[in-house]
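Have a look at the structure below before the remarks.
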Amino acid sequence: MNLSNSEDHWNNVYESKEDTQLGWFEEHPKMTLDLIAKTSLSKDAKILNVGAGTTTLIDALLEKNYTSLLASDISEVAMQKLQQRISKKYAYNLECIVDDLTNPIQLNALSNIDLWIDRAVLHFFLKEEEQASYFDLIKKIIRPKGYVLIAVFSLNGAEKCSGLPLFRYNTEMLSKRLGSGFSLIESFNYVYTNPFGGERPYVYALFQKN
């Protein structure tokens, strides 16, 4: 993935649209929260939301009294909007990291992450080297017994999002990419209805590092 082109694309998306106009907008991220609840992590667990954009998940986690949250996205515009909203609404100084998951620099310096959350980012990485970088990063920064939560377009999901082609997954494909160092805790299919009424089939999966 070309960082500058990708940055430009996503900065334009977040500059030109309100959050509720985004095809992946969720007013309440119930499916993600349900899986997080299954981890029984402490409220001070170190939670990293990658490809966060302007997600409402951070709001929901703060309302559930989680205290150590990080957000990352390739779009600086998205990170600024998210950080400003969270600061104004919750007086919480959210750490936001502008970085490329396929060529991580700042993210690569993290360690002992308790929970990695990705909803709708992985499927944008089409090349083998991009996918390898993504999963290598997970393996490096998640602590032993930490968790990985991925929600991605399923094999019968849309072929494009935001005008970009997608690489779709099922649970077995995710398990294979993570490898024997991770165990599947739970997975399910879920059809998300976007703000425009379109149905988008996802697969949700929660893994734990051995």
Side-chain angles (χ1 to χ4, degrees), residues 1 3 6 10 24 29 31-42 44-53 55 57-58 61 66 68-75 78-79 94-155 157 161 166-188 190 202-210:
M1 178 177 291
L3 178 59
S6 187
W10 292 112
W24 50 92
M31 298 300 133
T32 301
L33 292 171
D34 286 350
L35 284 180
I36 293 172
K38 292 183 180 296
T39 68
S40 298
L41 286 170
S42 63
D44 63 350
K46 199 171 179 181
I47 298 176
L48 171 64
N49 187 185
V50 300
T55 183
L57 178 61
I58 299 296
L61 291 173
Y66 288 95
S68 184
L69 307 179
L70 299 90
S72 176
D73 200 277
I74 200 167
S75 168
M79 290 291 86
L94 177 65
E95 182 176 350
C96 289
I97 302 169
V98 179
D99 206 353
D100 180 355
L101 286 165
T102 68
N103 185 27
I105 299 173
Q106 295 181 69
L107 291 171
N108 213 30
L110 298 178
S111 61
N112 293 317
I113 297 295
D114 292 293
L115 172 60
W116 168 291
I117 303 171
D118 168 6
R119 176 180 175 270
V121 177
L122 171 60
H123 52 221
F124 286 109
F125 306 144
L126 306 181
K127 298 177 182 178
E128 166 61 29
E129 58 265 32
E130 295 172 344
Q131 296 164 7
S133 292
Y134 174 97
F135 285 101
D136 285 347
L137 180 63
I138 290 177
K139 295 169 188 177
K140 178 181 179 185
I141 70 175
I142 296 294
R143 68 164 176 83
K145 303 301 179 183
Y147 294 88
V148 177
L149 194 169
I150 296 175
V152 64
F153 275 22
S154 63
L155 293 181
C161 180
L166 305 176
F167 189 100
R168 298 167 297 175
Y169 289 83
N170 61 21
T171 303
E172 291 71 28
M173 293 164 69
L174 295 172
S175 294
K176 185 176 180 180
R177 293 305 313 228
L178 284 168
S180 59
F182 290 78
S183 299
L184 177 66
I185 303 300
E186 183 173 339
S187 68
F188 56 83
Y190 171 69
Y202 275 76
V203 57
Y204 277 70
L206 178 67
F207 299 88
Q208 186 173 26
K209 191 173 184 179
N210 299 333

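All residue numbers refer to positions in the sequence shown, counting from 1.
- Side chains of I105 and D100 form no contact here, defined as non-hydrogen atoms less than 4.5 Å apart.
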Full working for side chain to side chain contact (heavy atoms under 4.5 Å, CB included) between I150 and Y169:
CA-CA 10 Å; I150 296 175; Y169 289 83; over 6 Å; no

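- Pairs engaging residues 166-188 under the salt bridge (Lys or Arg N to Asp or Glu O under 4.0 Å) rule: K38-E186, E128-R177 [sequence neighbours left out].
- For the pair S133 (side chain) and N103 (backbone), a donor-acceptor distance under 3.5 Å is absent.
- No donor-acceptor distance shorter than 3.5 angstrom exists from the side chain of S187 to the backbone of A205, with no hydrogens or angles considered.
- For L101 against G51, the heavy-atom pair with the smallest separation is CD1-N, 4.5 Å.
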Apply ring pair (Phe, Tyr, Trp, His ring centres under 6.0 Å) to F207 and Y147, showing your working.
CA-CA 6 Å; F207 299 88; Y147 294 88; over 10 Å; no

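- For the pair D99 (side chain) and L107 (backbone), a donor-acceptor distance under 3.5 Å is present.
- Taking SG of C96 as the start and CD of Q106 as the end, the distance is 11.0 Å to the nearest 0.5 Å.
- Rounded to the nearest 0.5 angstrom, I74 CD1 and F124 CZ are separated by 11.5 Å.
- The side-chain heavy atoms of L137 and W116, taken from C-beta on, include a pair separated by under 4.5 Å.
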Stepwise, does the side chain to side chain contact (heavy atoms under 4.5 Å, CB included) test hold for L178 with F135?
CA-CA 6 Å; L178 284 168; F135 285 101; 3.8 Å; yes

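- Aromatic rings from F153 and Y202 are positioned such that their centres are separated by under 6.0 Å.
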Apply side chain to side chain contact (heavy atoms under 4.5 Å, CB included) to the pair I97 and L110, showing each step before the final yes or no.
CA-CA 11 Å; I97 302 169; L110 298 178; 4.1 Å; yes

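- Counting only distance, with no hydrogens or angles, the side chain of K46 and the backbone of L70 share no donor-acceptor pair below 3.5 Å.
- Panel note: side chain N49, backbone A52; no donor-acceptor pair is recorded below 3.5 Å.
- Between F125 and L122, some side-chain heavy-atom pair lies under the 4.5 Å cut-off.
- Side-chain contact check for L61 versus I36: some heavy-atom pair is nearer than 4.5 Å.
- In this structure, F167 CZ and L126 CG are separated by 8.5 Å, a value rounded to the nearest 0.5 Å.
- We find the CG-CG distance between L48 and D118 to be 9.5 Å, quoted to the nearest 0.5 Å.
- With a 4.5 Å cut-off on side-chain heavy atoms, L115 and I47 count as touching.
- Under the 3.5 Å distance criterion, the side-chain polar atoms of K209 are matched with a main-chain donor or acceptor of K139.
- Residues M173 and L155 have side chains in contact (heavy-atom distance under 4.5 Å, counting atoms from C-beta outward).
- Side-chain atoms of S42 and D44 include a donor-acceptor pair closer than 3.5 Å.
- If you take CE on M31 and OH on Y204, they are separated by 7.0 Å, rounding to the nearest 0.5 Å.
- Judged purely by atom type and a 3.5 angstrom limit, K140 uses its side chain to pair as donor or acceptor with the backbone of N108.
- Here I113 contributes atom CD1 and I141 contributes atom CD1; the two are 5.0 Å apart, rounded to the nearest 0.5 Å.
- Under 3.5 Å, the side chains of N210 and S183 contain a donor-acceptor pair of N or O atoms.
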